[in-house]
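Have a look at the structure that comes next, please.
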Amino acid sequence: MNLIIDIGNSVAKLAIFDKDELVEVFRGSNHSLDSLPMLCSRYPLERGIIASVITLSNTIRRQLDKLPFKIIELSHETPVPITNLYKTPQTLGMDRLAAVVAATWLKPNNDILVIDAGTCVTYDFIDAHQYHGGNISPGMRMRFKALNIFTDKLPKVSAKGDIPLYGQTTETAIRAGVIRGMELEMSGYISLIQKNYPGVLVFLTGGDDFSFDTNLKSIIFADRFLVLKGLNRILSYNDKL
């Protein structure tokens, strides 16, 4: 069985895979992987992989050193089953790389746009087996927080609540502005890609939920565990080399 660790800007996700089947997912601190001993005792783990968008803490490094099996720390030098055209691969977030690996594995030989809505919103494009790159914009919490921090009187607003077409209070104006703005941004990226790649498929992943126009729903595949699946795919690929 495989141990998959995805350390993000906000949380760490630890997943157990039995070959290609996702068995269980745990969430916790991205500074200490305290559930590792429990996972090692519960499952017959044989190999693992870790990807992180932050510098690994000394605590995590000590915890990884104690594992009784090989674990790969994903970097730009790790072999992956796609061609990476990113001009600075050493600066590419490994979560972004894993997501496109998973998408092209799940829907091979397609043009694919991966949208990951987390701390940041990332847009990554891959055609068949070539990853071309993508864009990064602020995530939902970052947008709400920025409106509060960089102004004198705007409050910090929760994402939960009414989202009208146009706000009639400051709270609804901020909430609608952020959430509808993100939805329109995502829809705009999809429409832009469709001009050059009419058959493009869209994978939506990450921690935040968004809805789209009905004319786009047929091409969107929502998968909360896309990055974890991509990491597992990269681990399996390296195991066979």
Side-chain angles (χ1 to χ4, degrees), residues 1-81 89-103 105-106 114 116-122 124 136 139-142 145 203-209 222-241:
M1 302 185 82
N2 298 339
L3 171 66
I4 309 301
I5 305 174
D6 171 29
I7 299 182
N9 286 298
S10 302
V11 299
K13 297 177 185 176
L14 291 82
I16 305 299
F17 279 80
D18 185 358
K19 296 181 180 178
D20 293 331
E21 180 181 355
L22 178 60
V23 177
E24 198 165 3
V25 177
F26 299 83
R27 289 174 174 81
S29 167
N30 59 356
H31 297 293
S32 177
L33 306 177
D34 295 330
S35 59
L36 271 181
M38 177 271 294
L39 293 176
C40 290
S41 63
R42 181 183 295 185
Y43 297 101
L45 299 173
E46 300 173 308
R47 63 189 66 85
I49 188 170
I50 183 170
S52 179
V53 299
I54 65 173
T55 301
L56 291 180
S57 68
N58 291 331
T59 298
I60 288 179
R61 291 209 172 273
R62 286 193 295 268
Q63 291 169 325
L64 295 177
D65 288 340
K66 294 179 181 178
L67 291 174
F69 52 85
K70 177 185 176 182
I71 187 159
I72 295 173
E73 185 174 340
L74 183 61
S75 75
H76 68 283
E77 297 179 338
T78 307
V80 293
Q90 69 277 9
T91 69
L92 175 64
M94 293 296 100
D95 54 338
R96 295 171 61 192
L97 181 63
V100 294
V101 166
W105 172 63
L106 292 167
V114 176
D116 190 338
T119 303
C120 296
V121 183
T122 57
D124 290 286
I136 305 171
M140 182 173 66
R141 290 185 182 87
M142 196 181 296
K145 189 174 182 180
F203 276 85
L204 179 62
T205 191
D208 298 323
D209 295 325
D223 191 332
R224 289 187 301 153
F225 305 121
L226 196 65
V227 172
L228 295 173
K229 291 176 181 178
L231 292 174
N232 187 63
R233 172 64 177 151
I234 293 170
L235 177 59
S236 299
Y237 178 77
N238 279 265
D239 191 49
K240 294 175 182 177
L241 293 179

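Values reported hereafter were calculated over all heavy atoms of this structure, with side chains retained and with hydrogens, waters and symmetry mates removed.
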Nearest 0.5 angstrom please: Ile7 CD1 to Ile54 CD1, how far?
6.0 Å
Exercise: identify the closest heavy-atom pair between Asn232 and Lys19:
ND2-O, 2.9 Å
So Ile136 and Arg96, do their side chains get closer than 4.5 Å, heavy atoms only?
yes
If I take atom NZ from residue Lys70 and atom CD1 from residue Ile49, how far apart are they, to the nearest 0.5 angstrom?
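Lys70 NZ to Ile49 CD1: 10.0 Å, rounded to 0.5 Å.
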Does Leu106 reach the side chain of Phe203, with side-chain heavy atoms less than 4.5 Å apart?
yes
Would you confirm whether Asp124, through its side chain, and Leu97, through its main-chain N or O, come within 3.5 Å as a donor-acceptor pair?
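No.
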Between atom CD1 of Ile16 and atom CD of Glu21, what is the distance when rounded to the nearest 0.5 Å?
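Reported to 0.5 Å precision, the distance equals 12.5 Å.
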Show the nearest heavy-atom pair for residues Ser32 and Thr59, with the distance to one decimal.
OG-CG2, 3.8 Å
Measure the CG-CZ distance between Leu56 and Arg62 for me, rounded to the nearest 0.5 Å.
12.5 Å
Of all heavy-atom pairs between Ala103 and Leu226, which one has the smallest distance, and what is that distance?
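Shortest heavy-atom separation between Ala103 and Leu226 comes out as N-CD1, 4.1 Å.
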Measuring from Arg47:CZ to Ile4:CD1, what's the distance to the nearest 0.5 Å?
9.5 Å
Would you check if Trp105 and Asp20 make a side-chain contact, meaning some heavy-atom pair closer than 4.5 Å?
yes
Closest heavy-atom contact between Cys40 and Pro68?
SG-CD, 4.5 Å
What closest approach, in Å, do Val23 and Phe17 show between heavy atoms, and which atom pair accounts for it?
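Looking at all heavy atoms of both residues, the closest pair is CG2-C, 4.2 Å.
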Test Glu73 against Arg61 for side chain to side chain contact (heavy atoms under 4.5 Å, CB included), laying out the working first.
CA-CA 11 Å; Glu73 185 174 340; Arg61 291 209 172 273; 3.1 Å; yes
Would you say Asp116's side chain and Thr122's backbone share a donor-acceptor pair under 3.5 angstrom?
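No; judged by distance alone, with no hydrogens or angles, the pair does not exist.
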Are more than 12 heavy atoms from other residues, nucleotides or ligands located less than 6.0 Å from atom CG of Asp65?
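Yes.
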Any side-chain to backbone donor/acceptor pair from Asp95 onto Ala51? Under 3.5 Å, distance only.
no
Is the closest side-chain heavy-atom distance between Leu64 and Ile5 below 4.5 Å?
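Yes, side chains in contact.
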Distance in Å, Arg27 CZ paired with Ser35 OG, rounded so as to fall on 0.5 Å steps
12.0 Å
Could you pull out the closest heavy-atom pair between Met1 and Asp18, with the gap in Å?
CE-CB, 3.8 Å
Is Asp239 reaching over with its side chain to a backbone N or O of Leu235, donor-acceptor style, under 3.5 angstrom?
no
Leu231 versus Asn2: any side-chain heavy-atom pair under 4.5 Å?
no
Between Gln63 and Asp34, is any pair of side-chain heavy atoms under 4.5 Å apart?
yes
